[in-house]
2 protein chains.
Amino acid sequence: MAAAATLGYRPNRIPGIMLSGRSHMVGVVIGGLDNPFYASALERLAIALRQAGLQVLLVQVDDALTLDSALDQLASYRIDAVVTSLAVGSQSVAHAFSELQTPVICFNSSFVGPWISTVTSNNYGAGQTAAEIFLKQGVIHPVWLAGPAKNAASRARADGFCDTLEKASDRFDKLIRLRGDDTYQSGYNAICRLLQRGARPDGIFSSNDMMACGVLDALRECGDLRCPNDVIVLGYDNIPQAAWHGYDLTSFDQRTDQMVTVAMDLLNEALQTVDHPFSQTRTINAQLIERGSTRTSK
Amino acid sequence: MAAAATLGYRPNRIPGIMLSGRSHMVGVVIGGLDNPFYASALERLAIALRQAGLQVLLVQVDDALTLDSALDQLASYRIDAVVTSLAVGSQSVAHAFSELQTPVICFNSSFVGPWISTVTSNNYGAGQTAAEIFLKQGVIHPVWLAGPAKNAASRARADGFCDTLEKASDRFDKLIRLRGDDTYQSGYNAICRLLQRGARPDGIFSSNDMMACGVLDALRECGDLRCPNDVIVLGYDNIPQAAWHGYDLTSFDQRTDQMVTVAMDLLNEALQTVDHPFSQTRTINAQLIERGSTRTSK
DNA sequence: TTGTAAGCGTTATCAA
DNA sequence: TTGATAACGCTTACAA
């Protein structure tokens, strides 16, 4: 032991990988780290994985092409599993994951396939809650600001929101549907254009907080509608900026801590059922964080 | 080949690691992903490493204890090198890195040691530039909002700023020095307290953008000073939020793209001089991005 | 050109 | 309890 210490000997884990076929490495596939929500999710996930004795092999993905080659590489390193928080995904992505023959845990995304498990926020339910808030606050001219069409979570939020609005269609004007790309700027632009067209919304539900921040800045700079007195704004993700005094944005918190815990449970289960496709879905209720952007004294 | 395709065969890279001793994996040690600057730096770094054919073994570190055990694990996986963007670091951290006997590239941090190379922003020079802007804009009551004492980059910015102010000490009131911890809230609190004490600063240089956003919100909410007419504000990092309409913050861009390019150069050099300590330092000039928070018509 | 064998650093198994 | 040996899946060097 003394000799080992002086020589700076470190046991080599590589041979063990060859023997057991388990590398104790997990591929983590991410994209869009510029959204603080994903950055924070990655941080929590990395902590949880380290505590479980697993290494994080990080793969940054911007398009489907890099994903394919990245997955090939992950497979070559004999990773035990893949965790991904890719929001935007087609069925071809799901197919690429399934071909790995390795457990895949989808974090807040919604791929389906034999090896794929999912932990997701209750997007539909949150959409319903948003609609109920609009009802309670007496909103008449509602606006829905969607994320990219490929974002399944955004679609589910829209469904819950629209279905509930329609049940009370006598109390609402026709819903205005806008589309953004989940960035601040797209939220800003969408609302500026809307106001320039002369629309006077009194309730805006944004598919995520980044766009909602853009919405709030657009309201301040274009037109004369004031939040929350003339128009209330609701976001999703509860990013740190939502709590900044300049925004004070009501938002749905996805409770990433719970989601990570559940993801780790799924991961452990999947790792135990070795070489067999493992597929489960778990849903976490988002938690409404009420702030100034919906606080009106009407 | 046909058989390989049907059976889903993937070459195994693990034996190659044993033979060559090179894993083509690079340990990336990060912390504080809640700061968008670090999230974006990580994203760019991950892309560059993948393009260089290197895998990213991610290590999330919150304290020195996890660092030690994490480095042990990295060593066991026979990583080729370490890249870190840890902002806060003592000499004991540098020692832990050096013990790895593996090339370490410090990204915007400043550890010293035989195996350690560094690429850093020209913090001192940016501090000078900030002081010159204050001079030009006729600032009389300057404020410096520092980051954590352990943050070497923040100290260097302070040095450049203070040295230049002192050279023109006849034109400035005594510099007020505040301390934050690089978070939004600490910037907000620092300025609220300052204004409550009755101070009337007319120029605030914040060690990073997160705190500067807090500063801007504090100015809006506490006291009657307006930015930029009564007080100008300067940040560092040029995070996306600095460009948001609600902040419109003048900031120094560290040009992470250039820094990543240089870091990759250093990495390649270090990987070629195998088994020999490699140590170099490169500095990148930060670029001033002028926005509304310093645009005054005085 | 094709084929065989050694070796990488561990773990695990079986024999002494 | 201890010690020798096979095995993991490739690469490489050398022999046929």
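Chain naming here is simple, since letters A, B, ... match the order of the sequence lines and numbering starts at 1 in each.
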Quick one, A:Val82 with A:Ile105, criterion side-chain contact (heavy atoms from CB on, under 4.5 Å). Give me CA distance, side-chain angles, the key distance, then yes/no.
CA-CA 6 Å; A:Val82 171; A:Ile105 314 290; over 6 Å; no
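- Note: CE (B:Met18) to P (D:dG9) measures 12 Å, nearest angstrom.
- Under 4.0 angstrom from either OP1 or OP2 of D:dC10 there lies no side-chain N or O belonging to A:Tyr77.
- In this entry the distance linking CD1 of B:Ile14 with C1' of D:dT11 reads 15 Å, nearest Å.
- Taking atom CZ of residue B:Arg78 and atom P of nucleotide C:dG9, one finds them 8 Å apart after rounding to whole Å.
- In this structure, CD in A:Gln55 is found 8.5 Å from CE in B:Met25, a value given to the nearest 0.5 Å.
- A straight line from CG of B:Leu19 to P of C:dA6 spans 15 Å, rounded to a whole angstrom.
- At a threshold of 4.0 Å, the pair A:Arg50-A:Glu43 does not count as salt-bridged, since none of the basic side-chain nitrogens sits closer than that to a carboxylate oxygen.
- For the residue pair B:Val59 and B:Ala70, the shortest heavy atom distance occurs at CG1-CB, 3.3 Å.
- A straight line from CZ of B:Arg10 to C1' of D:dC8 spans 20 Å, rounded to a whole angstrom.
- The distance from atom CG of A:Asn12 to atom C1' of D:dG9 is 15 Å, rounded to the nearest whole Å.
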